[in-house]
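Scroll down for the structure; my scribbles are underneath it.
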Amino acid sequence: MSVNKDIKRITTHTIQSMKDNGEKISMLTSYDFSMARIVDDAGIDIILVGDSASNVMAGHETTLPITLDQMIYHAQGVVRAAKRCLVVVDIPFGSYQGNSRIALDSAIRIMKESGAHAVKMEGGSEIQESITRILSAGIPVMGHLGLTPQSIYKFGTYTVRAKETLEAQKLKEDAKLLESLGCFSIVLEKIPAKLATEVAIDLHIPVIGIGAGGGVDGQVLVVHDMLGINNEFQPRFLRKYLNLYESIKGAVGEYIQDVKSNDFPNEKEQY
Ligand code: KIV
């Protein structure tokens with residue numbers, strides 16, 4: 001199916017009608033103006049300003065250190081670039097758990113200071129109060145269940161989640177809860193494909209997967225991973241569309257050679 005370029009601006013309603021019409025939803029992360037401009041021009045449906053910026057942009061081991069101010073900075077550049085897609089921003093760790101007033105303040109700051117269209121939050125029943133409060137301010141919320149990287153120190157590993165019956169049951173209940181609270185969509189990360197398909201069939205709202213198989217309503221990847229900028233990360237679910245690490249390294253190597261040999265700049269490349 002080709003990209004419908006007639007759509008002026010993708011909204012949460014467009015995303016819902018894609019599910020209703022059986023059209024798969026495409027989502028990628030971006031964290032800056034230049035990348036977001038390319039991704040939006042290509043026709044992506046949703047850009048996620050993920051807190052994976054903590055890993056791929058800042059080089060942290062986990063997503064925990066990134067701050068609300070830093071997420072807003074990343075989101076501002078993306079929003080300036082995005083003419084067509086829906087822009088969703090992760091509320092970072094420590095800015096919504098355990099206190100719904102803080103959660104609301106964080107979501108309002110993201111919306112007001114970046115101009116983004118929605119926020120994403122990790123967790124189910126534990127953060128119910130925060131989700132409800134944010135939704136009551138008119139801010140669309142995308143949920144995130146399964147492997148939730150902000151809880152990595154509780155899980156202890158980045159392995160597949162919800163393989164056991166009890167955890168799978170809790171995930172199904174949480175997905176139903178998020179839908180009933182009013183979330184417009186849910187991300188399911190790194191869970192068995194069969195479970196993710198069951199959740200997608202059970203819910204009316206779109207379910208977007210990462211490492212959750214093809215039976216869901218859409219897919220999301222970290223843009224640096226699918227472009228092969230980061231050559232150390234190779235989980236089973238990742239399809240690499242380019243090897244930008246090697247391309248960029250090669251180009252930089254050529255530039256260095258050209259400078260050292262005085263081949264650059266040539267006659268035409270000067271004033
Ligand atoms: O931060 C992120 O990039 C994410 C995706 C992996 C869904 O949450």
Side-chain angles (χ1 to χ4, degrees), residues 27 29-32 46-79 87-159 161-162 167 170-171 174-175 177-178 181-191 208 210 220 222-225 233:
M27 173 161 147
T29 65
S30 294
Y31 318 99
D32 66 275
I46 306 176
I47 287 183
L48 171 67
V49 184
D51 58 0
S52 47
S54 179
N55 310 110
V56 295
M57 300 301 285
H60 293 297
E61 205 174 302
T62 73
T63 59
L64 275 70
I66 200 160
T67 66
L68 185 59
D69 284 337
Q70 288 165 339
M71 287 303 297
I72 290 170
Y73 169 77
H74 287 296
Q76 285 167 339
V78 169
V79 168
V87 179
V88 180
V89 181
D90 265 331
I91 312 188
F93 176 69
S95 308
Y96 63 96
Q97 295 94 340
N99 184 326
S100 65
R101 177 70 234 182
I102 290 177
L104 178 61
D105 288 348
S106 303
I108 288 178
R109 277 202 62 204
I110 288 173
M111 300 298 281
K112 224 184 214 321
E113 296 177 37
S114 76
H117 311 126
V119 296
K120 177 164 85 58
M121 301 161 74
E122 295 182 6
S125 54
E126 319 76 28
I127 57 160
Q128 170 171 0
E129 204 183 305
S130 293
I131 293 177
T132 305
R133 201 150 177 183
I134 292 171
L135 285 167
S136 71
I139 300 172
V141 175
M142 178 181 269
H144 183 157
L145 299 171
L147 176 64
T148 47
Q150 292 180 11
S151 305
I152 189 57
Y153 290 119
K154 185 176 92 184
F155 298 147
T157 128
Y158 284 100
T159 192
R161 303 301 317 174
E167 197 181 337
K170 159 101 168 90
L171 185 141
D174 277 342
L177 174 70
L178 294 183
L181 294 177
C183 289
F184 75 94
S185 173
I186 295 177
V187 166
L188 292 181
E189 180 165 352
K190 224 170 173 189
I191 63 167
I208 298 176
I210 173 164
V220 56
V222 169
V223 74
H224 288 62
D225 297 340
F233 186 61

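The heavy-atom pair separating L171 from A162 by the smallest distance is CD1-CB, 4.2 Å. Residues H74 and V49 approach most closely at CB-CG1, 3.8 Å, considering heavy atoms. Contact record, I139 with L135: O-CD2, 3.5 Å, taken as the closest heavy-atom pair. Heavy atoms only, all atoms of each residue included: T29 and V223 are closest at OG1-N, 2.9 Å. Taking all atoms of both residues into account, the shortest heavy-atom contact from M111 to P140 is CE-CD, 4.3 Å. Across M27 and V187, no two heavy atoms sit closer than the pair CE-CG2, 4.0 Å.
Within the 4.5 Å cutoff, the side chain of Y96 has heavy atoms near those of the E122 side chain. A heavy-atom distance below 4.5 Å is found between the side chains of L64 and Y153. Annotation: side chain of M71 is not in contact with side chain of I91 (no heavy-atom distance under 4.5 Å). A 4.5 Å side-chain heavy-atom check between I72 and V89 finds every atom pair outside the cut-off. Using a 4.5 Å heavy-atom cutoff, the side chains of H60 and I66 are not in contact.
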Exercise. Could you check I191 against L147 for side chain to side chain contact (heavy atoms under 4.5 Å, CB included), going step by step and ending with a plain yes or no?
Key: CA-CA 7 Å; I191 63 167; L147 176 64; over 6 Å; no
Quiz item: D69 and R109: side chain to side chain contact (heavy atoms under 4.5 Å, CB included), yes or no, with the steps?
Solution: CA-CA 9 Å; D69 284 337; R109 277 202 62 204; 2.7 Å; yes
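Interatomic distance, I208 CD1 to I46 CD1, rounded to the nearest 0.5 Å: 4.0 Å. To the nearest 0.5 Å, atom CG of residue L145 and atom CD1 of residue I186 are 5.5 Å apart. One distance of note links CG of D105 with CD1 of I134; it measures 9.5 Å at 0.5 Å rounding. Between the CD1 atom of I127 and the OG1 atom of T132 there is a distance of 9.5 Å, given to the nearest 0.5 Å. The CZ atom of R133 sits 5.5 Å away from the CZ atom of R101 when rounded to the nearest 0.5 Å. Taking CG of D90 as the start and CE of M142 as the end, the distance is 9.5 Å to the nearest 0.5 Å.
Annotation for Q97: atom CD counts as buried by contact number, over 12 foreign heavy atoms lying within 6.0 Å.
The backbone N or O of T62 lies less than 3.5 Å from a partner atom in the side chain of S54, making a donor-acceptor pair. Between the side chain of Q150 and the main chain of P92, no donor-acceptor pair closer than 3.5 Å is present. Checked by atom type and distance alone, the side chain of K120 never pairs as donor or acceptor with a backbone atom of H144 at under 3.5 Å. Remark: the backbone N or O of Q70 is paired with a side-chain donor or acceptor of T67 at under 3.5 angstrom. E126 contributes a side-chain N or O that, together with a main-chain N or O of G124, makes up a donor-acceptor pair within less than 3.5 Å.
Residues satisfying the side-chain contact (heavy atoms from CB on, under 4.5 Å) criterion with S130, sequence neighbours excluded, are S100, A103, M121.
Paired with R161 under the rule side chain to side chain contact (heavy atoms under 4.5 Å, CB included), one option of E167, K190, E189 passes, and it is E167.
Salt-bridge formation is detected for the pair K170/D174: a Lys NZ or Arg NE/NH1/NH2 atom is positioned less than 4.0 Å from an Asp or Glu carboxylate oxygen.
Ring geometry, Y31 versus H224: the interplanar angle falls from 30° to 60°, so the pair is classed tilted.
Donor-acceptor pairing under 3.5 Å is lacking for the side chains of K154 and T148.
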